[in-house]
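Below is one structure, written out as structure tokens; the observations come after it.
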Amino acid sequence: MAKTIAVIGSQWGDEGKGKIIDYLATGADMVVRAQGGANAGHSVVIEGKRYSLHLIPSGVLNDNAVNIIGNGVVFDPPAFLAELDSLRADGVAADKIYISDRAHVVFPYHKLLDKLAEEARGANSIGTTLKGIGPCYMDKVERSGIRICDMLSAGFKEKLAGRIAAKNEIIVKLYGGEPLDADAVIAEYEAYAGRLAPYVRDTGIMVDEAISSGKTVLFEGAQGSMLDLDLGSYPYVTSSHPVSGGFAVGAGIGEGRIEEIIGITKAYTTRVGEGPMVTELLDGMGDLIRERGHEYGVTTGRPRRCGWFDGVVCRYTARINGTTGLALMLLDVLDEFDEINLCYAYEADGERLDYYPASLEKVSACRPVYKTIRGWKRDISAVTSWDELPAEAQAYVSEVEKICGVPVKFISVGPGREQTIVR
Ligand code: IMP
């Protein structure tokens with residue numbers, strides 16, 4: 001197994017990355033988050049107990065791993081502290097967590113502006129998680145953001161006061177919203193600064209040293225490749241780069257230092273929020289997937305849109321990530337189906353497409369072209385090896401490999417650590 005491994009989502013997020021990260025993290029010396037923020041939601045089940053993580057890397061559940069929140073993350077102090085307290089209340093030590101001094105900080109005006117902007121979009125809303133992610137990245141790109149290092153500097157109070165005054169103008173004059181109470185926000189965030197200080201480091205140095213000294217380092221993707229700001233289904237995307245390229249910038253390391261890139265994909269497709277989804281099932285089949293797969297958001301509780309496996313998406317995301325292996329998750333969810341469809345191409349206006357178009361109008365016009373595989377109609381949740389898998393399930397996995405052009409290295413048949421087939 002490679003020493004440096006990245007785990008990325010091959011679809012629209014919620015692929016079950018947390019489980020594979022947790023699985024790989026049991027042997028890892030370091031786990032690194034490099035983009036996104038508290039919009040992420042990973043659930044990991046250990047010995048029957050479910051842990052929901054948002055901002056803290058999943059490696060926190062392995063007492064030996066160092067956990068890094070990299071410079072590319074937009075850091076939400078109250079979300080982080082609440083998560084830390086809750087983990088500790090559950091008996092998790094959570095004592096090796098470090099936050100990059102270069103990470104940008106999410107403030108209450110980012111969350112408020114996220115909500116006001118979504119309301120203003122009306123029917124064209126993106127369906128964001130309302131965690132202030134987009135507005136925080138907007139400030140970063142505009143070069144007016146406040147970073148963790150600023151939060152710990154003498155001029156923090158004045159800087160934040162200036163930002164609140166500027167944002168209140170927008171909140172009130174553009175959106176007709178209620179202005180924020182600057183004194184209250186400043187007092188709250190000054191208190192957070194005191195609590196966060198012990199966790200803050202130049203984390204790029206730590207990651208670089210870990211790699212150079214031959215440690216096992218895991219890069220934990222949040223969201224999914226189809227939510228990438230540049231390469232995803234724009235504008236129904238998040239504001240960061242959840243593709244493998246995002247790790248170099250977001251962790252502050254050289255490109256090319258990651259040896260293995262594992263793409264996590266569900267055995268079917270889900271999506272939260274708006275935007276076209278070619279293989280979406282709006283019938284009882286979709287409901288069955290949702291119920292069997294417990295497809296409700298960890299962060300928002302929203303029911304997820306469900307559909308058949310979209311091979312056009314997976315082939316595309318394998319290409320843009322340079323994926324070296326796939327982890328096929330939640331295969332057991334398909335146990336009850338008589339027949340299972342895999343989409344290997346799209347069709348629009350009589351034209352066959354085997355790539356994902358940039359224009360969402362074009363995507364909306366696409367119909368899936370399916371290959372149908374016979375269902376295995378058996379409970380596979382206790383299967384632990386490839387040979388024990390029913391022939392139909394093996395055929396399904398082989399078809400995924402053929403469509404995506406990438407080997408399936410892990411198969412997951414349930415939420416538990418032990419319900420993982422390694423090939
Ligand atoms: P934002 O990241 O809150 O700005 O939301 C932008 C889009 O990304 C919305 O469609 C969200 O539902 C989606 N999104 C953000 N984070 C996740 C995630 O962790 N899983 C799945 N979808 C996500």
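Counting convention: from 1, in listed order, for ligands and their atoms alike. FYI, the numbering just counts along the sequence from 1.
Counting only residues at least two apart or on different chains, the side-chain hydrogen bond (donor to acceptor under 3.5 Å, both in side chains) pairs with a member in residues 173-187 are E169-K173.
In terms of modelled atom types and a separation under 3.5 Å, the side chain of N67 and the main chain of I97 share no donor-acceptor contact. Side-chain atoms of N341 never come within 3.5 Å of backbone atoms of Y370 as a donor-acceptor pair (strictly under, hydrogens ignored). E401 contributes a side-chain N or O that, together with a main-chain N or O of V408, makes up a donor-acceptor pair within less than 3.5 Å. Under the 3.5 Å distance criterion, the side-chain polar atoms of K266 are left unmatched by any main-chain donor or acceptor of L328. Side chain of E220 to main chain of S58: a donor-acceptor pair is present (N/O by atom type, distance under 3.5 Å, no hydrogens or angles). The closest donor-acceptor contact from the side chain of D150 to the backbone of I146 lies at 3.5 Å or more, if one exists at all.
Of the listed residues (Y344, Y316, Y346), just one forms a side-chain hydrogen bond (donor to acceptor under 3.5 Å, both in side chains) with D310, and that residue is Y346. When each of F309, W308, W376 is checked for a ring pair (Phe, Tyr, Trp, His ring centres under 6.0 Å) with F337, only W308 meets the rule. Of the options Y109, F107, F75, F156, a ring pair (Phe, Tyr, Trp, His ring centres under 6.0 Å) to Y189 is made by F107 and by none of the others.
Distances below 4.0 Å separate heavy atoms of W12 from the following atoms of ligand 1: 21 (C), 22 (N). Distances below 4.0 Å separate heavy atoms of A40 from the following atoms of ligand 1: 19 (O). Heavy-atom proximity to I126, at under 4.0 Å, picks out these atoms of ligand 1: 10 (O). Residue contact check: G127 has heavy atoms under 4.0 Å from atoms 9 (C), 10 (O), 11 (C), 12 (O) of ligand 1. When each atom of ligand 1 is checked for a heavy atom of V237 under 4.0 Å away, the hits are 6 (C), 7 (C). Short contacts between ligand 1 and R302, defined as distances under 4.0 Å to a heavy atom of the residue, involve ligand atoms 12 (O).
On a distance-only criterion, Q223 and ligand 1 share at least one N/O pair closer than 3.5 Å. Looking at K131 next to ligand 1, no N or O pair under 3.5 Å apart turns up.
Protein heavy atom in closest approach to atom 3 (O) of ligand 1: T129 OG1, 2.6 Å. In terms of protein heavy-atom proximity, atom 5 (O) of ligand 1 is nearest to T128 CA, 3.3 Å. Summary of contacts: the protein heavy atom closest to atom 21 (C) of ligand 1 is D14 OD2, 3.1 Å. If you check which protein heavy atom lies closest to atom 2 (O) of ligand 1, you get T238 OG1, 2.6 Å.
At a heavy-atom distance under 4.0 Å, no atom of D114 approaches ligand 1. If you look at L227 next to ligand 1, the close heavy atoms, those under 4.0 Å, all belong to the side chain. Residue contacts with ligand 1, taken as heavy atom pairs separated by less than 4.0 Å, do not involve Y236 at all. Looking at K17 against ligand 1, nothing comes within 4.0 Å, counting heavy atoms.
Closest heavy-atom approach to atom 22 (N) of ligand 1 within the set V272, L130, T270: this belongs to V272.
No hydrogens or angles considered: nothing links the side chains of H104 and D139 as a donor-acceptor pair under 3.5 Å.
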